[in-house]
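Reminder, nothing fancy here: chain letters follow the sequence lines and each chain counts from 1. Note that these values count all heavy atoms, side chains included, but never hydrogens, waters or copies made by symmetry.
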Amino acid sequence: MSSLQNLIDNWSQYRKGIEQGGFHHYEHRWGMAIDLNACIGCNACSTACYAENNLAVVGPERFAQGHFMHWLRVERYWDQPDKEFPEQGASFLPMMCQQCGAAPCEPVCPVVATYHTPDGLNAQVYNRCIGSRYCNNNCPYRVRYFNFWSYYETSWPEPLNMQLNPDLTVRDKGVMEKCTFCVQRIRTAKDKAKMENRKVKDGEFTTACAQACPTNAIHFGDLMDPESQVTKLWATHQVSRVDEQGRPRHEQDKKNPDLRGYRVLEELNTDPSVMYLERVRETLA
Amino acid sequence: MKKSHRLLGLFSNFEEATKAIYDIRANKVSGVSVKDVTLISPIEHPEVEEALGDRGVHVQFFTLFGGLFGLIGSWVWISAAQATFLVQPQGGKPVVTLVTNFVLNYEMMILGGVLFTLIGLLVGARLPSRPGTLYSEKISLDQIGILLEVNEPNLAPLKSLFHQHNVVEIREEIIR
Amino acid sequence: MKDIAIHSQEKDIREDLPWKQINTDILRSLDNPRRGYWYSIIVCLVLLAIGFTAEVIQYQTGMGMSKNHPHMWNLYIATFIFWIGMSHSGTLLSAILHIVHADWRKPIYRFAEAMTTFSLMTALLFPVIHLGRLWNFYWVVPYIPSRGTWPNFRSPLSWDGFAIMTYLTSSALFLYIGMLPDLAIARDNTTGWRKQLYSTLSLGWCGNDRQWRVFRKAYMLMAIFLIPLAVSVHSIVSSDFAMSINPGWHVTTFPPYFVAGALYSGCAAIITLFILLRYYFRWEEYMTLPILEKICKLTFAIAMMWTYLNLVEFASVWYGHDVYGKEVLWGKMTGAYAPAFWSMMFFGSVLPFALAFRSLRRHIPTMMAVSILLNVGMWLERWMIVSPTLSQSFYPWSWDVMWPTLTSWAIVLGSFGWFGLLFLVFVKIFPSVSMYEVKEMVYHRKLATEKAAARVGGAAPAYGAHMKKEDAV
Amino acid sequence: MSGNELNRRGFLKLMGWSAAGAGLAGCDLPSTVTLEQGKETVLSYLSPEEYVIPGIGVWYASTCMQCAAFCGIHGRVREGHALKLEGNPDSPLNRGKLCQMGQAGIQGHYNPDRITQPLLRKDGKLTPIGWDEAWSLIGQKISNAPGERFAWVTGTVSGHQAVLLAAHTEAMGSKNHFAVEVIGPHVGRAVNQDMLGEAMPRLVLDKAKLILSLGADFLGTWVSPTHFATEYAKFRSGSRGMLVQVEPKMTLTGGNADMWVPIRPGTEGVLALAIANVLMKGGAKVPEAAIAAVSAYEPAKAAEVTGVSAERIEKIAALLKEHSPSLVLAGAPVEGHAHGYQAAAAVQLLNIMLGNVGQTIVSAGGFPFPQLAAKSGSTRDLIAFADAAKNQKLDVAFFYGANPVYSAPHFLALPEALQKIPFKVAFAQFPDETAEAADLVIPLASYLEDWGTHVAAYQPEEAGITVQQPLMERMYNDTIGFGDALLKLLKLGKSEQYAAWEDYYAYLRNAVATLPAEYKAGAANDNAFWDQTLQKGVLKVAAAAQELKPQVPEIKLPDVQPNEGYPLYLVPSTQLGLWDGRHANLPWLQEAPDQISKVVWDSWAEIHPATAAKLGIKEDDIIEIASEQGSIKVKAYLFKGVHQDVVAVPMGQGHEAYGRYAKNRGVNVLKILDPVIDAKTRELALYGTRVKLANTGKNEPLVIEGRGNNSQRGRKLVVTISADQFRKTEGA
């Protein structure tokens with residue numbers, strides 16, 4: 001009955017989709033800006049992620065089957081197939097969970113193991129996950145990784161297991177996992193801020209990948225904080241998640257098309273939290 | 001007023017059985033009305049049943065109720081559940097997603113309808129029950145039975161009526 | 001010419017079939033089938049054992065036994081759709097034909113409905129088998145939650161749950177209710193524990209007019225419900241794909257496409273089982289060639305419908321400027337899956353033309369082969385829905401071709417064993433041809449022919465032609 | 001278990017010291033840790049240290065030893081476990097950043113294949129022995145070994161370890177210290193020394209408008225990658241410098257070039273001279289000594305030799321002319337030939353001609369403590385050591401931080417040579433090939449458990465000494481820090497002046513305390529200064545600025561000789577990851593895809609599709625690469641990023657020992673190198689090997705990440721815009 005009452009009371013609120021700005025009032029909206037002009041594809045971010053997030057090392061056989069676990073992968077594309085040599089080098093793309101605002105992975109999970117947090121993250125609840133893998137099927141970026149085996153049996157032989165980060169779990173077979181924007185670091189920072197009752201300051205912490213990146217290609221911060229570096233970057237490049245009405249914004253809305261900001265596969269309206277800045281190359285004869 | 005005897009006539013010829021009922025209907029036997037007749041047949045037998053006159057069926061109301069119950073009930077249930085289980089609006093969708101809920105309501109409507117139809121059937125057909133002592137295997141094979149409850153005096157004329165319509169077998173018992 | 005003349009007057013069923021014989025013939029299936037029946041049972045048991053072992057291994061070691069990234073779904077889901085499809089003809093056809101009073105349905109609908117129920121029970125296994133942590137499968141069920149956690153009512157997967165449970169319940173009830181009078185017959189003609197069983201199941205049905213009237217109405221109502229239900233069920237299964245955003249899945253024609261496919265495979269399966277039962281229980285009298293022909297024609301029609309919907313799907317992808325979709329389609333046709341794809345097209349769209357030829361339709365062995373091949377084709381169709389899209393989705397970096405592992409094949413085989421077992425046990429315990437309705441059929445057709453005869457001046461017989469003289473004592 | 005308890009207590013004690021020295025650089029919740037607490041003297045452990053709070057990570061500064069760049073690191077420690085390494089923001093080298101090798105250092109520390117106790121070779125097998133036995137054995141062996149027949153074989157060493165090591169070598173009365181390092185600008189150092197007067201001048205990347213790099217993989221494996229990567233970021237921002245990379249096989253740096261030019265190996269020098277030639281025609285001034293060489297190479301001629309079109313050469317020259325100041329770098333491909341020195345000199349000549357010296361190449365200044373400066377390893381020492389061993393010049397050899405048995409090519413016949421050294425001691429952390437060949441193995445503490453100071457050979461703007469402190473208690477009680485080991489050796493050698501220090505920690509404290517006052521600015525006393533130093537992790541030292549006086553030697557380049565029998569050049573490519581093979585035992589790096597080929601857990605041979613087509617080789621074919629010195633079988637990887645005359649195989653795999661992750665995986669390309677040696681510097685010419693290919697007919701798929709697709713298939717994943725547009729919108 002009380003739940004029925006609740007339904008009636010908040011009806012209008014509960015009917016708000018993202019088009020109406022959504023039901024949710026965000027505390028933070030963690031986001032990234034990745035500068036492909038700076039990224040050199042050195043893979044430091046990926047390894048840092050392994051170290052921070054207890055990612056399993058699967059070994060060659062399982063890697064060959066595609067059972068690898070790198071939440072953050074550095075993709076390498078060759079864009080001049082017709083040329084005899086790749087004369088402008090490679091295109092590197094660090095790809096991790098885009099923490100979409102309208103994430104295709106979320107609504108399809110039959111048990112709500114993946115949901116949207118007040119921080120604007122796509123949280124994956126390992127305990128709740130039953131491994132239907134629908135979320136991965138529906139992820140256009142294919143950045144979710146499934147525990148096909150009980151990796152803990154093989155990946156951390158004594159005493160390698162002593163390195164495991166106690167701030168987060170080691171996942172067992174049958175659950176889906178993915179980049180969390182180092183949610184454990186976010187937690188720590190928020191707790192600390194709470195203890196000192198203040199808001200989380202920009203740059204007081206960052207994700208493992210951003211911290212490792214030798215060229216500072218990866219910027220991490222709170223898109224709700226107008227002062228944060230990320231917010232400014234997004235603004236400078238005229239990329240934003242939502243317009244004044246809180247409706248999703250698109251690249252087409254960019255006033256100055258020369259600016260480098262874009263979001264991968266934006267046309268799918270997934271509203272990613274990661275903005276990429278276009279790669280730059282000289283135009284040489 | 002309570003009848004004293006129960007009488008079952010078995011016919012293997014359907015036309016004759018029908019005729020017999022029409023005779024009863026025409027009050028050939030005093031004190032025996034067509035309302036007392038129960039027709040027992042191995043197969044669905046609309047043309048014979050015509051003879052019994054119009055006897056109502058009420059299953060459809062059960063069905064209607066069941067359907068509505070499923071539809072509305074599930075709608076309330078699911079929406080309320082969504083409203084109380086506040087994981088954030090996933091994929092930018094509202095908390096209460098009417099469109100998708102309707103799919104479920106549709107299914108629940110059918111389920112409700114079907115289940116209540118079943119109940120309707122059981123109630124309407126008075127099932128489960130016992131076939132009764134007069135019941136004969138022949139009926140489930142290929143004979144039609146006409147079952148009546150009559151008083152002592154009407155017994156003999158009724159039997160003779162059955163015999164006119166070359167009844168195959170007559171079974172009777174005394175109700176106490 | 002001559003034989004055609006003969007055929008043309010050939011009846012769906014002998015009209016002077018004595019009712020006693022009907023009872024005995026059908027009830028015979030409850031005790032002495034041919035030896036072939038027992039062989040089939042053994043085969044099914046073996047398959048089931050294989051599948052079960054594989055499943056145990058997979059349970060112990062993890063899903064890695066059967067899948068790889070980015071192929072999060074594969075054989076299991078494909079086979080799931082396949083079985084759901086199988087379940088579609090039985091009840092749906094029986095319901096439709098019942099409503100339109102097509103009485104040739106009567107000798108065959110019972111086992112068809114059984115097929116529905118059991119293939120559903122088989123289909124249900126697959127979503128569970130395919131879960132990474134299947135020991136938690138019940139979390140999908142909306143039981144009253146202790147911690148306020150409900151399943152996700154938005155997820156097509158949970159719709160599946162609802163739809164399939166509804167369908168299973170309804171079709172099982174439809175089957176059962178339709179069987180009540182026959183259970184009564186069985187009760188009256190058996191002894192010992194069987195009598196116990198049947199008298200309990202028949203709920204003491206005695207066939208009085210009240211029961212028949214209510215029965216007629218209730219049965220009809222259920223039939224009416226079952227038609228939209230069946231359609232909705234497979235549309236919902238299709239929405240597992242249509243509701244996703246993947247190229248090649250996110251297609252509006254999927255629901256009808258799935259339903260057509262379902263009817264198709266269902267009809268094919270009916271033909272197979274029709275032939276099998278006819279053989280097991282010597283039911284040439286009931287499962288007659290004319291009826292077989294009718295099903296074949298129906299199957300052919302549906303096959304053409306399916307083909308058409310296929311073409312529509314391709315066409316719509318072709319005309320839309322959706323790069324991703326096109327790439328998937330092209331990949332299907334030319335890529336690693338091409339062989340599977342083209343054999344699907346062959347079995348699904350070309351082979352059915354065999355059903356267009358009378359001589360073939362009447363040739364039992366051919367029909368057996370064809371019907372099985374049709375279903376192979378339909379199985380391939382399901383696979384071609386699931387895998388190519390996953391191997392060529394939005395993100396080129398994770399493109400990958402995946403071939404099923406032995407484990408998954410074993411489990412798929414096992415499912416056939418499981419279905420076969422359920423079905424065979426059913427036909428052994430329950431009358432899988434509806435006796436009372438065959439009687440009706442015989443009776444009414446007889447009357448019809450008599451009327452016709454009377455019109456041309458033939459004399460109607462003195463009494464019910466449905467019984468031989470000597471039966472009348 | 002109780003043993004572990006003791007460890008924990010021992011750990012706390014140790015931390016007590018270092019925190020009494022407040023060695024911590026920060027922590028998750030600093031509000032719970034104050035310097036004040038740190039300042040207290042060691043407490044009885046009946047009451048645990050307050051700053052060790054369960055669930056709270058504490059950060060300690062230290063130094064990364066994964067390569068010779070010696071970046072500063074912060075290590076996160078929780079409940080007495082080191083958990084995660086990050087860059088040290090105070091380190092001028094890496095400015096808080098850390099490459100993947102640095103990240104993976106922690107896996108070396110926790111590696112399951114570490115040596116945990118002294119091992120002695122008894123009837124052919126290494127068997128555990130006690131410390132006393134070990135030391136007494138060493139003592140007796142070295143006491144009766146004449147000095148000059150004793151040798152140290154190490155990797156690059158610096159700081160106080162170098163001091164003690166030198167002291168010990170001297171005390172032994174020996175001069176044999178072989179510092180072995182495969183990857184490094186060995187020739188380049190000599191060239192710089194001769195032409196600029198400094199071996200390691202400072203490079204100002206961000207000041208350059210154009211970087212012409214001839215195979216210098218400064219983002220990946222050249223000199224100080226992480227440092228240069230941070231500089232590169234600046235170089236690319238704002239007005240955005242241009243990067244032109246000329247090399248036989250695409251390196252990580254090449255992958256980021258605006259213009260990547262493949263060139264026939266060994267002809268880089270010619271290219272340099274040809275460019276100089278064009279510049280000269282353009283009026284640039286050429287130093288006397290070089291005129292002959294420069295005018296000898298018209299672009300047209302050079303084009304034939306190098307395989308780089310004359311237009312290209314002129315284009316590059318033009319670009320250099322437009323973009324001044326520029327920076328021209330010579331990397332391993334330039335150095336790795338018999339004429340490596342000449343070629344490198346030719347490249348350096350360009351800098352001098354373009355007036356980059358003093359602009360983008362400036363003096364690093366003299367390091368105030370020469371005794372601490374890095375003794376950079378080289379391949380020359382590897383060869384020298386092999387010879388010494390072969391000619392039975394050695395009775396006792398000590399190994400540390402180098403794996404010559406793995407690195408030495410067949411032609412050096414090192415394994416056989418080692419047989420001729422009666423007593424070989426390996427100070428090792430892992431059972432690598434060299435340790436396996438040793439008679440006695442002394443188990444070392446990992447660099448996260450040890451004390452030390454390091455001085456990078458390449459010093460950035462602010463020169464400094466990076467300090468290494470333990471992040472946690474030793475994993476294994478029977479391991480010993482290298483510094484402690486050296487002290488022990490010196491004491492065995494009856495060197496009285498070292499008796500004063502009970503351990504290396506004490507020695508270091510004293511050493512730091514005795515630094516001249518000007519370095520201790522702001523510190524109340526020696527303890528306070530020690531605290532600061534540990535906390536910062538780096539001790540800045542002012543290097544006296546100097547002037548670079550360029551001078552040009554005579555440059556002579558030989559003509560390339562075609563080799564019918566062995567038509568192709570072998571490029572033993574290097575990779576930021578497995579490096580020279582020392583990281584092959586770290587699972588993270590094995591599973592981290594190679595930046596360019598994206599192959600994991602294996603060796604591969606990069607071949608240009610055209611060449612492959614000629615030889616009938618398909619991807620994943622197992623091919624045999626044969627040089628005069630031997631052959632290797634490896635899977636083919638067709639790749640357009642190599643010159644047609646080149647087959648490139650990465651170093652790092654093919655270990656015969658070195659633990660479960662490294663052993664029997666892939667091939668060791670170093671083994672089949674030809675005996676080509678740079679005439680001037682006696683360095684091994686890594687790129688001078690000629691090979692031929694044969695398809696074995698077998699094939700086996702490489703494990704490649706993202707095998708699915710190497711092209712974006714028209715999706716908008718990575719978008720590329722022109723630099724002009726970039727400058728228009730963001731240019732500074």
Between [X] and chain D, which part of the residue has a heavy atom less than 4.5 Å away: side chain, backbone, both or neither?
X: A:Leu36; answer: side chain
X: A:Cys39; answer: backbone
X: A:Thr236; answer: neither
X: A:Asn43; answer: both
X: A:Ala193; answer: neither
X: A:Leu164; answer: backbone
X: A:Gln163; answer: both
X: A:Glu84; answer: both

Just wondering, do [Y] and [X] contact through their side chains at under 4.5 Å, heavy atoms?
X: D:Lys640; Y: A:Gln80; answer: no
X: A:Glu282; Y: D:Val244; answer: no
X: A:Phe92; Y: D:Leu252; answer: yes

- Kindly determine whether D:Lys97 and A:Asn216 satisfy side-chain contact (heavy atoms from CB on, under 4.5 Å), including the steps that lead there. CA-CA 9 Å; D:Lys97 300 308 184 176; A:Asn216 279 319; 2.9 Å; yes
- Message: With chain D as the partner, which of A:Pro81, A:Ser46, A:Cys213 has the greatest number of non-hydrogen pairs under 4.5 Å?
- Response: A:Cys213
- Item | Pick from A:Gly89, A:Pro86, A:Ala38, A:Ala189 with the largest number of heavy-atom pairs that fall under 4.5 Å of chain D | A:Pro86
- Message: Applying ring pair (Phe, Tyr, Trp, His ring centres under 6.0 Å), can you list everything that pairs with A:Phe85, at least two apart in sequence or on another chain?
- Response: D:His608
- Flag yes if more than 12 heavy atoms outside A:Arg187 fall under 6.0 Å of its CZ atom; otherwise flag no.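 Atom CZ in A:Arg187 is not crowded, with 12 or fewer foreign heavy atoms closer than 6.0 Å.
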Any idea which heavy atoms bring [X] and [Y] closest together, and the distance?
X: D:Lys84; Y: A:Ala51; answer: CD-CB, 3.6 Å
X: D:Gln103; Y: A:Ala212; answer: NE2-CB, 3.3 Å
X: D:Ser722; Y: A:Thr283; answer: CB-CG2, 3.8 Å
X: D:Pro112; Y: A:Pro159; answer: CA-CD, 3.7 Å
X: D:Trp588; Y: A:Val57; answer: CD1-CG2, 3.5 Å

- Task: Using side-chain contact (heavy atoms from CB on, under 4.5 Å) as the criterion, point out the one residue from D:Thr253, D:Asn256, D:Leu576 that pairs with A:Ile40.
- Result: D:Asn256
Could you tell me which of [options] has the largest number of non-hydrogen atom pairs under 4.5 Å with chain A?
options: D:Phe235, D:Phe726, D:Phe228; value: D:Phe726
options: D:Arg236, D:His643, D:Gln712; value: D:Gln712
options: D:Asp724, D:Ile106, D:Val718, D:Val703; value: D:Val718

- Message: Check this for me: does any side-chain nitrogen of one of D:Arg76 and A:Asp167 sit under 4.0 Å from a carboxylate oxygen of the other?
- Response: yes
- NZ/NE/NH1/NH2 to OD/OE distance under 4.0 Å, A:Glu267 and D:Lys716: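 Result for this pair is no, no salt bridge flagged.
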Of the backbone (N, CA, C, O) and the side chain (C-beta and beyond), which part of [X] lies under 4.5 Å from a heavy atom of chain A, both, or neither?
X: D:Val600; answer: side chain
X: D:Arg95; answer: neither
X: D:Arg114; answer: neither
X: D:Glu591; answer: both
X: D:Ile596; answer: both

- Item | Criterion side-chain contact (heavy atoms from CB on, under 4.5 Å) on A:Arg73 and D:Lys598, from CA distance to verdict | CA-CA 11 Å; A:Arg73 57 174 189 248; D:Lys598 293 295 169 187; over 6 Å; no
- Query: Would you say the side chains of D:Gln100 and A:Thr47 form a donor-acceptor pair under 3.5 Å?
  - Reply: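 Per modelled atom types, D:Gln100 and A:Thr47 side chains form a pair under 3.5 Å.
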- Task: Run the numbers on A:Val74 and D:Gln595 for side-chain contact (heavy atoms from CB on, under 4.5 Å), then give the verdict.
- Result: CA-CA 8 Å; A:Val74 181; D:Gln595 291 88 344; over 6 Å; no
